[in-house]
Amino acid sequence: MEKNTAPSSPSERILSSEIPSHLDQTVMVEGWLHNLRLFNDFAFVVLRDRHGVLQCVISSPDQLEIVRHLQMESVLRVRGKVIKQQNSEDRYELQDARVEVLNAVEEALPVIINKKEMNLHPDTLISNRPLTIRNLHQRAIFKLHGLAQQAYREYMVSQDCTEFFPPTILTGSSEGGSELFSVDYFGKEAKLSQSAQLYKQICIGAYERVFAIAKCFRAEKYATSRHLTEASQYEFEMAFVESIDQPLHFLQETIRTMVETIKEKGKEELELLGIKLLDVPPTIPQVTMQEAQEIVYKESNGKQDDRREPDMSPEGERLIGEWAKREYQSNFVFITHYPRKKRAFYTLPTPSNPELTESYDCIGGGFEIASGSLRINKYEDLRQSAIDKGILPETIEDYLNIFKFGMPPHGGFGMGVERFTQAILGYHNVREVTMFPRDVNRLKP
RNA sequence: GGAGGGGUAGUUCAGCUGGUUAGAACGCCACACUGUCACUGUGGAGGUCGGGGGUUCGAGUCCCCUCCCUUCCGCCA
């Protein structure tokens with residue numbers, strides 16, 4: 001591990017964030033050439049490290065020559081004395097800086113990354129990811145994205161959940177849902193997992209409460225602003241639940257913890273991005289799908305009518321999101337009790353109305369970010385449900401067999417990792433919050 | 001899979017009913033500049049107008065084919 005004490009020796013690197021506590025001391029910093037403002041007899045070298053940027057003032061002719069022809073993003077080591085900037089109480093700089101070039105960039109950058117707004121096409125942004133990730137805005141997005149994942153883990157662990165890692169190379173489909181990617185597996189055909197569903201259900205048989213941050217792959221040519229072919233999911237499953245209230249409460253508190261953690265630990269990044277996160281209300285509004293469709297109908301003054309549809313339309317999701325924001329100051333809303341025909345065969349039907357299910361989605365930022373349900377836990381019921389859905393039990397034998405050996409009542413959810421970040425930060429395209437997105441036409445970088 | 005919009009300099013874009021040498025801003029290069037912080041000023045380099053075919057005296061501009069990007073729908077996390 002690195003030493004984490006504040007060094008006082010000039011031979012030891014300090015970070016830009018530590019500068020204020022070294023006033024009047026000579027320090028050494030390392031980082032990238034973020035900007036260079038050159039004058040006749042002096043220059044401002046702006047250095048960027050993992051915490052921020054620092055202005056260094058070059059004033060001697062020999063040092064000026066070193067810096068004069070440097071390209072941006074060259075790697076530098078700079079020594080100088082920490083002083084307060086002229087006419088400023090809270091800004092610091094290095095005086096009489098001496099520069100050592102650790103790795104000079106030899107050619108012009110393909111994109112400008114030291115401006116606040118890069119103003120690039122999404123395609124250019126991603127194709128140049130090795131560079132654009134260094135942009136302060138871009139860097140902040142993925143810092144917050146990482147904080148969300150950290151918060152998810154911490155909350156799950158605090159609730160006595162056990163983390164596990166599902167496999168992604170499988171023999172076939174566990175849900176029979178979307179298209180799967182095929183991979184050559186020593187001459188046999190294997191599939192990439194589209195969901196950790198099977199494995200999290202297996203795991204509650206031992207641990208009762210489990211979670212995972214799992215990759216899932218969908219070989220479908222969706223060309224939308226919210227689909228990836230390779231995505232990640234916050235998976236959760238808990239045993240001994242009798243009502244959807246339990247997993248929904250879990251989901252609500254998960255979201256709350258994630259939002260609060262980001263607000264607290266991501267203060268600087270949020271400020272930089274100009275994003276103000278809405279607090280999660282004590283109770284996230286919850287409506288049945290039927291109620292949601294009525295609300296959408298009214299919200300749109302009759303223009304959007306999904307009331308005879310078995311599901312919400314994207315426009316409907318957007319409208320119900322606006323409704324929740326206006327009526328409950330909530331960025332999130334739960335929709336429950338979807339029709340059985342829209343849900344996977346393992347979803348528990350509603351006892352009082354078998355046409356409906358004990359299921360729920362979470363709408364965040366105006367689109368679906370999470371989905372879950374109570375599950376059928378008895379072998380015969382599950383087998384019959386598969387048959388009702390037109391699935392041959394023989395084709396899902398491995399899955400069905402789990403339920404012969406004492407599966408408790410259980411339920412859970414899966415929440416899109418990228419979509420969650422997209423929802424709370426309010427970005428239009430999921431690729432903007434995905435560092436290395438994979439979609440129909442993109443396999444690199 | 002369906003329907004729109006688009007592809008012009010490194011980047012983001014303008015380019016009219018087809019017309020002579022295709023422009024701007026930022027970036028890059030050179031020079032000037034004593035406090036900038038999106039530094040400023042002057043000058044310069046940089047283009048197979050996505051690719052292929054066609055119409056025409058003449059195509060960035062019109063037509064056909066093709067590739068790519070993007071938005072929306074289907075679908076879903």
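Atoms considered below: every heavy atom in the structure, side chains included; atoms not considered: hydrogens, waters and symmetry mates. Note on naming: letters A, B, ... go to the chains in the order of the sequence lines (proteins, then strands), and numbering restarts at 1 for each one.
In this structure, A:Arg340 pairs ionically with A:Asp388, as a charged nitrogen and a carboxylate oxygen lie closer than 4.0 Å. The pair A:Arg79-A:Glu100 meets the salt-bridge criterion, since a charged nitrogen lies less than 4.0 angstrom from a carboxylate oxygen. A salt bridge is absent between A:Arg218 and A:Glu230; no separation between the charged side-chain nitrogens and carboxylate oxygens falls under 4.0 Å. Ion pairing between A:Glu253 and A:Arg256 holds under the 4.0 Å rule for side-chain N and carboxylate O. Under a 4.0 Å N-O distance rule, the pair A:Arg431/A:Asp123 does not qualify as a salt bridge.
Contact annotation for A:Gln95: no contact, since no heavy-atom pair falls under 4.0 Å across all strands. Within the nucleic acid shown, A:Glu235 has no heavy atom closer than 4.0 Å to any nucleic acid atom. Here A:Ala231 lies in heavy-atom contact (under 4.0 Å) with a base. Across all strands shown, A:Gln86 has heavy atoms under 4.0 Å from base atoms, whether or not it also approaches the sugar-phosphate. The residue A:Leu109 sits apart from the nucleic acid: no heavy atom pair falls under 4.0 Å. Using a 4.0 Å heavy-atom distance criterion, A:Lys215 is classed as making no nucleic acid contact. Within the 4.0 angstrom heavy-atom criterion, no nucleotide atom of any strand lies near A:Ser232.
The CD1-P distance, from A:Ile113 to B:rC26, rounds to 19 Å in whole Å. In this structure, A:Asn429 atom CG and B:rC76 atom P are separated by 20 Å, rounded to whole Å. As a whole-Å value, the separation of A:Glu220 CD from B:rA77 P is 11 Å. Rounded to whole Å, atom P of B:rC69 lies 17 Å from atom CD of A:Glu432. Atom-to-atom, CZ of A:Phe42 to C1' of B:rU36 comes out at 6 Å; the value is rounded to the nearest Å. Taking atom NZ of A:Lys116 as the reference point, atom P of B:rC39 lies 9 Å away to the nearest angstrom. Protein atom CZ of A:Phe420 is 18 Å distant from nucleotide atom C1' of B:rC76, rounded to whole Å. The CG atom of A:Leu36 sits 12 Å away from the P atom of B:rG27 (whole-angstrom rounding).
Using bins of under 30°, 30° to 60° and over 60° for the plane-to-plane angle, the ring pair A:Phe250/A:Tyr155 lands in the perpendicular bin. Between A:Phe142 and A:His145, the ring-plane angle classifies as perpendicular under the 30° and 60° cut-offs.
Between B:rG47 and B:rG15, the distance separating the two P atoms is 23 Å to the nearest Å. Remark: the separation of the P atoms in B:rG51 and B:rU34 is 47 Å, to the nearest Å. Separating the C1' atom of B:rC69 from that of B:rA22 is a span of 23 Å, rounded to the nearest Å. With C1' as the reference atom, B:rA14 and B:rC26 are 15 Å apart, rounded to whole Å. The gap from the C1' atom of B:rG27 to that of B:rU12 amounts to 11 Å, rounded to the nearest Å. On the P atoms, B:rA9 is 15 Å away from B:rU61, given to the nearest whole Å. Rounded to the nearest Å, the gap between the P atom of B:rA24 and that of B:rG41 is 16 Å. Here, B:rG23 and B:rG1 have their P atoms 42 Å apart, quoted to the whole Å.
Under 4.0 angstrom from either OP1 or OP2 of B:rC29 there lies at least one side-chain N or O belonging to A:Gln71. Put simply, A:Asn40 has a side-chain N or O that comes within less than 4.0 Å of OP1 or OP2 on B:rC33. Neither OP1 nor OP2 of B:rU71 sits under 4.0 Å from any side-chain N or O of A:His227. Side-chain nitrogen and oxygen atoms of A:His69 include at least one within less than 4.0 Å of the OP1 or OP2 phosphate oxygen of B:rA30. Contact between the side-chain N/O atoms of A:Arg37 and the OP1/OP2 oxygens of B:rC39 is found at a separation under 4.0 Å. Contact between the side-chain N/O atoms of A:Ser195 and the OP1/OP2 oxygens of B:rA77 is not found at any separation under 4.0 Å. Residue A:Lys115 has no polar side-chain atom (N or O) positioned under 4.0 Å from OP1 or OP2 of B:rU11.
Looking at A:Glu317, its side chain comes within 3.5 Å of the base of B:rC76 through a donor and an acceptor atom.
Among B:rC37, B:rC76, B:rU34, the nucleotide with an atom closest to any side-chain atom of A:Glu368 is B:rC76. For A:Ser225, taking side-chain heavy atoms from C-beta onward, the closest of the listed nucleotides B:rC72, B:rG10, B:rC37 is B:rC72.
With A:Glu30 as the partner, the salt bridge (charged side-chain N to carboxylate O under 4.0 Å, His left out) test is satisfied by one option alone out of A:Arg50, A:Arg48, A:Arg77: A:Arg77.
Two rings, from A:Phe236 and A:Phe413, have their centers less than 6.0 Å apart. Ring centroids of A:Tyr399 and A:Phe345 are separated by less than 6.0 Å, placing the two rings close together. Aromatic rings of A:Phe211 and A:Phe164 (six-membered ring for Trp) have centroids beyond the 6.0 Å cut-off, not under it.
Geometrically, A:Arg375 does not engage A:Tyr346 in a cation-pi contact defined by less than 6.0 Å to the ring centre and at most 45° from the axis.
At a threshold of 4.5 Å between non-hydrogen side-chain atoms, the residues A:Arg37 and A:Gln55 count as touching.
Between A:Pro314 and A:Arg91, the one whose closest nucleotide on RNA chain B sits nearer the 5' end is A:Arg91. Taking the nucleotide of RNA chain B with the nearest heavy atom to each of A:Glu418 and A:Asn35, the more 5' of the two is matched to A:Asn35.
At a non-hydrogen distance threshold of 4.0 Å, nothing from residues 138-151 of chain A comes into contact with RNA chain B. Remark: A:Leu120, A:His121, A:Asp123, A:Thr124 in residues 120-134 of chain A come within less than 4.0 Å of RNA chain B through at least one heavy atom.
More than 12 heavy-atom neighbours from other residues, nucleotides or ligands sit within 6.0 angstrom of CH2 on A:Trp323.
Of the possible polar contacts, none joining the A:Asn331 side chain to the A:Leu278 backbone as a donor-acceptor pair under 3.5 Å is found.
Annotated stems with RNA chain B as a participant read B:1-7 with B:67-73, B:10-13 with B:23-26, B:28-32 with B:40-44, B:50-54 with B:62-66, given as range with range, by first number; only runs of 3 or more Watson-Crick or G-U pairs under 3.5 Å qualify.
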